[in-house]
Amino acid sequence: LKLNPRDPEAFLNMLWALKYACDWRDWDLNLQKLQTMVQMQLQEGKVPSIKPFLALAFPISPALYLSIAKAHAEEEAKKSFGWRHLLEKLKHSKRLLPNSRLRVAYMSTDLGDHPVGHQAWFWAHDKARIDCMLFALSRSDDSEWWHANKAMVPYGNFYEMGKLGKDVTAIELAQQINELGIHVLVTLNGWTSGHQIDLLAMRPSPIQVEYMGSHDSLGAEFVDIFVSDKIATPPEYGQPFYSEKIMVTPHSFFMNEYAVSRAHVPQLADDVSSGSVDLAKVKVPVKGQKDEILDVRRESHGLPSNVLLLCNFNQLFKVDPSIFATWMRILRGTPDTFLWLLRLPSTAEDALRKRALDYGEDVARRVLFSDRIDWKTHLVVKALANMSLDNPVFNSHTSGVDIIWAGVPLLTLPQETMSSRVAASLLHSVPFADLIVRDLNDYEETSKRLTSQVGRKILKNVRRKLQEARRTAELFETKLLVQSFEKGLLMAWESKVLRDSKAQLEFHTIISQKS
């Protein structure tokens with residue numbers, strides 16, 4: 001940048017590095033430069049230097065995000081041009097399997113110890129209607145989640161392919177998917193690391209779906225369906241900000257199986273929050289092992305007792321100056337309130353501590369950091385918090401499901417993009433809309449009201465309401481969520497493939513609540 005201050009790639013790489021470390025120097029000026037440089041690259045017919053997934057962390061418009069995603073998708077599609085002579089031979093199966101089963105294959109680099117791998121809903125597919133397959137685009141991490149996901153599909157339906165581009169080429173995998181007669185191909189990566197956009201450009205499957213990975217459009221004309229719901233993607237924020245047709249599920253789009261693998265959490269978490277058990281010796285069930293005895297006293301986790309404890313368990317790159325300033329004003333207004341964050345990454349801790357000092361030493365000392373909590377017990381430990389404060393621009397996704405299942409109230413502010421609206425979708429599916437606010441001022445005032453001495457009784461009642469509601473919430477009815485997804489896929493199959501498997505899907509898919 002010293003040699004060429006106008007170099008877009010160098011600038012945008014620097015800006016992301018600063019954002020990742022929560023170094024917000026020249027933030028407003030840099031945001032203006034970001035948009036100017038991206039628009040300049042687009043006008044020149046160049047691919048923007050910022051990756052689509054990383055762009056979601058910045059407060060840019062949905063229209064600009066879609067332009068970034070489209071440019072990157074077109075660039076990825078060019079990688080398959082050299083294989084056109086082979087690709088033209090790829091034929092799509094229009095025939096269902098015996099007993100009218102749809103063959104659905106998921107691709108992911110994250111089927112092990114990763115937030116995507118932790119959702120593990122594959123077992124819930126109706127085997128009479130769906131032949132489920134998994135393509136693991138990584139090597140086994142030997143985690144419980146890897147082995148559990150592998151066991152969730154019929155024998156022979158789990159393919160450990162290794163890293164795409166290293167252990168297997170995109171064309172090899174495309175040919176294998178095509179030869180297997182996959183009807184619906186689902187990418188669980190989106191634009192995250194290890195994505196398969198170049199493979200999807202080859203159209204190995206008649207219906208191609210983006211789900212779970214990056215919660216906004218891929219910008220790819222060769223991807224047919226984007227899975228969402230009426231809260232995460234309401235009509236006013238749908239088209240024209242998506243290149244895909246949107247599958248609107250009647251419940252939350254976020255399939256998970258917490259009520260199965262983490263069925264013990266609600267009662268334990270509620271006991272911890274109420275103090276009705278000996279917190280020094282809480283018995284936590286661990287699958288396939290002896291129960292683990294856990295010390296869940298706040299002080300054993302470096303947390304102060306007898307204070308109001310706010311939290312945010314998202315990666316710190318999701319924090320920006322605006323929301324951090326809001327958090328600091330909340331702390332300044334209530335002297336016995338603390339904020340609990342995770343060191344994700346640890347390099348951001350010093351920058352946030354320095355920023356907190358702008359609000360006084362007393363406020364800064366009440367910003368606490370801890371390392372990532374062991375996944376076997378983290379939901380019970382997180383129940384020590386009184387309320388979770390969400391990030392508006394790129395908010396709580398898996399961490400939102402975590403905190404709701406732990407029975408901790410979640411305050412969120414939905415905006416325009418889906419990545420800013422996932423937490424609102426989760427809460428509506430409990431249902432629990434009490435802490436979904438309209439704007440940043442409402443966010444701050446609601447927080448201050450609930451953390452005040454008078455408001456804490458209200459906060460306790462809010463928590464009790466959430467604790468009761470989440471035990472019977474649609475959000476945690478795995479089979480219900482999966483059945484809705486299956487119904488949408490079958491509707492899309494009938495809508496598209498029976499006419500022209502290589503044409504774009506013509507209609508959105510809106511799934512009714514009736515079976």
Side-chain angles (χ1 to χ4, degrees), residues 47 51-53 55-56 62-63 65-81 83 87 90 92-93 102-110 116 133 135 137 164 170-171 173-174 177-178 182-229 232-233 237-249 253 255 417-419 485 488-493 495-497 499-510:
V47 180
K51 305 295 184 186
F53 182 71
L56 294 174
Y65 168 78
L66 180 59
S67 295
I68 293 169
K70 280 184 173 180
H72 278 273
E74 289 169 4
E75 184 68 14
E76 289 294 324
K78 291 177 184 177
K79 296 179 181 179
S80 67
F81 284 175
W83 297 100
L87 300 179
L90 296 183
H92 293 157
S93 173
L102 195 69
R103 178 163 280 174
V104 178
Y106 295 92
M107 300 186 296
S108 179
T109 60
D110 305 317
V116 171
M133 309 179 79
F135 284 87
L137 301 182
L164 192 62
I171 187 64
L173 183 54
I177 289 169
N178 188 254
I182 302 300
H183 301 120
V184 179
L185 182 60
V186 184
T187 173
L188 298 179
N189 278 83
W191 276 115
T192 61
S193 178
H195 66 75
Q196 308 93 38
I197 309 301
D198 58 337
L199 181 147
L200 291 166
M202 302 179 195
R203 270 217 170 270
S205 174
I207 294 181
Q208 303 192 145
V209 180
E210 197 282 325
Y211 177 66
M212 189 64 77
S214 52
H215 295 302
D216 274 292
S217 179
L218 291 184
E221 64 178 13
F222 42 83
V223 175
D224 304 287
I225 293 173
F226 182 93
V227 184
S228 189
D229 59 53
T233 308
Y237 299 136
Q239 249 64 31
F241 303 126
Y242 289 81
S243 59
E244 309 89 345
K245 296 303 181 186
I246 301 171
M247 177 189 292
V248 183
T249 63
F253 75 94
M255 293 186 287
T417 62
M418 183 184 180
S419 53
F485 181 59
L489 295 182
L490 289 164
M491 289 169 65
W493 172 266
S495 173
K496 177 187 178 182
V497 176
R499 292 198 310 276
D500 183 352
S501 69
K502 295 198 175 183
Q504 286 189 302
L505 191 66
E506 190 173 350
F507 304 107
H508 298 290
T509 305
I510 301 175

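Just so it is clear, the structure is predicted and the values come from calculations on it, not from any experiment.
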Hey, mind stepping through Asn189 and Thr109 against side-chain hydrogen bond (donor to acceptor under 3.5 Å, both in side chains) and telling me if it holds? CA-CA 7 Å; Asn189 278 83; Thr109 60; 2.8 Å; yes

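- Remark: Asn178 CG to Met202 CE distance equals 11.5 Å, nearest 0.5 Å.
- With contacts defined as side-chain heavy-atom distances shorter than 4.5 Å, the pair Met107/Ile177 qualifies.
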Assess whether side chain to side chain contact (heavy atoms under 4.5 Å, CB included) is satisfied between Val223 and Val209, documenting all intermediate values. CA-CA 6 Å; Val223 175; Val209 180; 5.8 Å; no

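- Scanning both residues, Ala174 and Leu199, for their nearest heavy atoms gives N-CD1, 3.9 Å.
- The heavy-atom pair separating Gly219 from Ser217 by the smallest distance is N-OG, 3.0 Å.
- Considering every non-hydrogen atom in both Gly488 and Met247, the closest pair reads C-CE, 3.4 Å.
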For Glu210 and Ile225: C-alpha separation, side-chain torsions, deciding distance, then whether side chain to side chain contact (heavy atoms under 4.5 Å, CB included) applies. CA-CA 6 Å; Glu210 197 282 325; Ile225 293 173; over 6 Å; no

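- In this structure, the side chains of Leu66 and Tyr242 stay at 4.5 Å or more apart for every pair of heavy atoms.
- With hydrogens and angles disregarded, a donor-acceptor distance shorter than 3.5 Å links the side chain of Ser214 to the backbone of Trp191.
- No donor-acceptor pair under 3.5 Å is formed between the side chain of Thr249 and the backbone N or O of Asp229.
- Checked by atom type and distance alone, the side chain of Gln208 pairs as donor or acceptor with a backbone atom of Phe222 at under 3.5 Å.
- With rounding to the nearest 0.5 Å, the separation of CG in Leu185 from CD1 in Ile207 is 11.0 Å.
- Counting all heavy atoms, side chain and backbone alike, Ile197 lies closest to Ala73 at CG2-CA, 4.3 Å.
- Although no hydrogens or angles enter the test, the distance criterion places no donor-acceptor pair under 3.5 Å between the side chain of Ser108 and the main chain of Leu188.
- Atoms OG1 and CG, on Thr417 and Asp216 in that order, are 5.0 Å from each other to the nearest 0.5 Å.
- Aromatic pair His215/Phe253: centroids less than 6.0 angstrom apart.
- Rounded to the nearest 0.5 Å, atoms CD (Gln196) and CD (Glu76) are 10.5 Å apart.
- How far CG of Leu490 is from NE2 of His183: 10.5 Å, rounded to the nearest 0.5 Å.
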Apply side chain to side chain contact (heavy atoms under 4.5 Å, CB included) to Val227 and Val186, showing your working. CA-CA 10 Å; Val227 184; Val186 184; over 6 Å; no

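- Residues Leu489 and Val104 form a side-chain contact, since some pair of their non-hydrogen atoms from C-beta on lies under 4.5 Å apart.
- For the pair Ile246 and Ser228, the tightest heavy-atom approach, listed with the atom from each and the gap, is CG2-CB, 4.2 Å.
- None of Tyr106, Phe485, Phe226 except one satisfies the ring-ring contact (aromatic ring centres under 6.0 Å, His included) rule with Tyr211; the exception is Phe485.
- Atom CG of Leu200 is separated from atom CG of Leu218 by 7.5 Å, given to the nearest 0.5 angstrom.
- Glu221 places none of its side-chain heavy atoms less than 4.5 Å from the side chain of Ser243.
- Nearest approach of His195 to Leu164, heavy atoms of both residues: O-CD2, 4.2 Å.
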